[in-house]
Protein chains: 2
Amino acid sequence: MGLAKTEMFTDDQNEIALFAKAFGHPARVAILQHLFKINSCVCGDLVNEIGLAQPTISQHLKELKNLGLIKGDVEGTSVCYCIDNESWSKMKKVMSAFLDQDLTKTGDCC
Amino acid sequence: MGLAKTEMFTDDQNEIALFAKAFGHPARVAILQHLFKINSCVCGDLVNEIGLAQPTISQHLKELKNLGLIKGDVEGTSVCYCIDNESWSKMKKVMSAFLDQDLTKTGDCC
DNA sequence: ACTATTCATCGTAATATTGCAATGAAACAA
DNA sequence: TTGTTTCATTGCAATATTACGATGAATAGT
């Protein structure tokens with residue numbers, strides 16, 4: 001069906017899945033890494049940096065923006081994208097809590 | 001197309017995307033949380049715990065197993081699934097390095 | 001006004017994912 | 001052996017994702 005039954009899971013579980021889904025494509029990982037690396041906004045440099053077509057990059061940027069992880073400022077004909085540090089921190093807290101579940105447990109069973 | 005062009009990205013980027021994709025569905029998040037919580041489990045318990053049909057749970061477990069994050073031991077008619085702590089640690093290193101990119105940077109630009 | 005540049009959106013094709021009923025395979029009990 | 005339990009696999013339908021050409025909207029330069 002391709003339809004995730006979100007209503008049967010907790011808000012926490014759905015939030016983790018949403019963030020993870022954003023990182024679930026190498027193009028979006030590459031975009032975020034590049035935005036961090038140059039530490040100042042880029043626009044369509046991403047199209048050159050990554051090998052995908054402009055509409056494709058634009059689509060990935062839109063998804064990241066909808067999640068709030070990045071923001072974009074219009075500057076003349078170009079758009080300046082950069083990481084939203086506050087949102088990134090919040091996301092990191094949620095994901096870290098999930099990844100660090102193993103710290104409290106003791107040993108394997110199998 | 002629905003086809004990620006993995007060849008145009010680094011191994012690092014593809015690995016992050018693969019792990020993230022595993023967490024990109026609330027059912028798999030719920031499965032992992034439950035496995036951590038009770039520190040061992042069988043498929044049938046998960047079917048009751050989570051509200052999905054048995055074949056669906058089995059499919060999600062298979063994906064997590066293929067990634068190496070969990071392992072399953074056959075015990076009579078049932079199968080005991082649990083977290084693979086070593087793999088989980090390795091995954092955590094990769095994901096943490098990605099999430100912690102912001103630590104080195106200074107300020108926003110937008 | 002005209003043109004070029006930059007990015008967003010639309011439309012569409014190809015592929016992937018999700019979910020489950022039906023069925024199969026293996027272990028166990030009687 | 002027969003039936004039961006437990007999980008895996010198959011097959012299929014519904015939906016989601018990815019990618020890009022074509023096109024639109026806005027700005028800037030001439």
Side-chain angles (χ1 to χ4, degrees), chain A residues 1-9 13-14 17-32 34-35 41-67 70-82 110, chain B residues 1-9 13-14 17-31 34-35 40-67 70-82 110:
Chain A
M1 299 202 168
L3 211 184
K5 302 191 162 179
T6 57
E7 75 279 1
M8 60 192 350
F9 302 104
Q13 287 161 348
N14 283 316
L18 271 184
F19 281 134
K21 213 189 267 186
F23 305 144
H25 194 289
R28 289 190 290 267
V29 171
I31 286 172
L32 292 166
H34 192 67
L35 288 182
C41 305
V42 245
C43 2
D45 299 347
L46 287 166
V47 176
N48 298 327
E49 191 73 17
I50 304 169
L52 294 170
Q54 180 267 324
T56 308
I57 298 290
S58 193
Q59 200 174 329
H60 284 306
L61 286 169
K62 189 183 176 184
E63 289 175 52
L64 293 172
K65 201 175 168 186
N66 284 343
L67 253 184
I70 65 174
K71 43 189 175 179
D73 262 17
V74 179
E75 291 189 358
T77 55
S78 63
V79 177
C80 164
Y81 279 107
C82 65
C110 303
Chain B
M1 297 198 169
L3 210 183
K5 302 192 162 179
T6 56
E7 74 279 1
M8 60 192 352
F9 301 104
Q13 288 161 348
N14 282 316
L18 271 184
F19 281 133
K21 215 189 267 186
F23 304 144
H25 194 288
R28 288 190 291 268
V29 172
I31 287 172
H34 193 66
L35 287 183
S40 127
C41 201
V42 284
C43 177
D45 298 347
L46 288 166
V47 174
N48 296 329
E49 192 72 19
I50 304 168
L52 295 169
Q54 179 267 325
T56 307
I57 298 289
S58 193
Q59 199 175 326
H60 284 306
L61 286 169
K62 189 181 176 185
E63 289 174 51
L64 293 172
K65 201 174 168 187
N66 284 342
L67 253 184
I70 65 174
K71 47 189 175 179
D73 264 17
V74 179
E75 291 187 359
T77 55
S78 64
V79 177
C80 167
Y81 279 107
C82 64
C110 301

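To find a chain, count down the sequence lines: A is the first, B the second, and so on, and within it residues start at 1. The structure presented is a predicted model; accordingly, all values stated were derived computationally and were not measured.
For a distance-only test at 3.5 Å, the side chain of B:Q54 qualifies as a donor-acceptor partner of the base of D:dA8.
Nearer to the 5' terminus of DNA chain C, by closest-nucleotide assignment, is the contact made by A:I57 (compared with the other of A:I57 and B:G51). The nearest heavy atom of DNA chain D to B:C43 and to A:A27 marks one nucleotide each, and the one closer to the 5' end goes with B:C43. Positionally, the nearest nucleotide of DNA chain D for B:S58 lies more toward the 5' end than for the other of A:G76 and B:S58.
Between B:I70 atom CD1 and D:dC7 atom P there is a gap of 13 Å when expressed in whole angstrom units. The NZ-C1' distance, from A:K62 to D:dA19, rounds to 15 Å in whole Å. Between the CD atom of A:Q59 and the P atom of C:dA8 there is a distance of 11 Å, given to the nearest Å. Put simply, CG on B:D45 is 7 Å from P on D:dC7, counting in whole angstrom units. As rounded to whole Å, 10 Å separates atom P of D:dA19 from atom CD of B:E7. At whole-Å resolution of the value, CG in B:N66 and P in C:dT17 are 12 Å apart. Between B:I50 atom CD1 and C:dC20 atom C1' the separation is 16 Å, expressed in whole Å.
Side-chain N/O atoms of B:Y81 include one lying less than 4.0 angstrom from OP1 or OP2 on D:dA8. Between B:K21 and the phosphate of C:dT17, there is a side-chain N or O to OP1/OP2 separation shorter than 4.0 Å. In this model, the phosphate group of D:dC20 is approached by a side-chain N or O of A:T56 to a distance below 4.0 Å at OP1 or OP2. A close approach under 4.0 Å does not occur between any side-chain nitrogen or oxygen of A:H60 and OP1 or OP2 of D:dT17.
One distance of note links CD1 of B:I70 with CG of B:L35; it measures 6.0 Å at 0.5 Å rounding. How far CG of A:L61 is from CD1 of A:I31: 4.5 Å, rounded to the nearest 0.5 Å. How far NZ of A:K65 is from NZ of A:K62: 10.0 Å, rounded to the nearest 0.5 Å. Atom NE2 of B:H25 and atom OG1 of A:T6 lie 9.0 Å apart (nearest 0.5 Å).
Checked by atom type and distance alone, the side chain of B:R28 pairs as donor or acceptor with a backbone atom of B:K21 at under 3.5 Å.
Each of C:dC28, D:dC7, D:dA22 was ranked by its minimum atom distance to the side chain of A:P55; first place goes to D:dA22.
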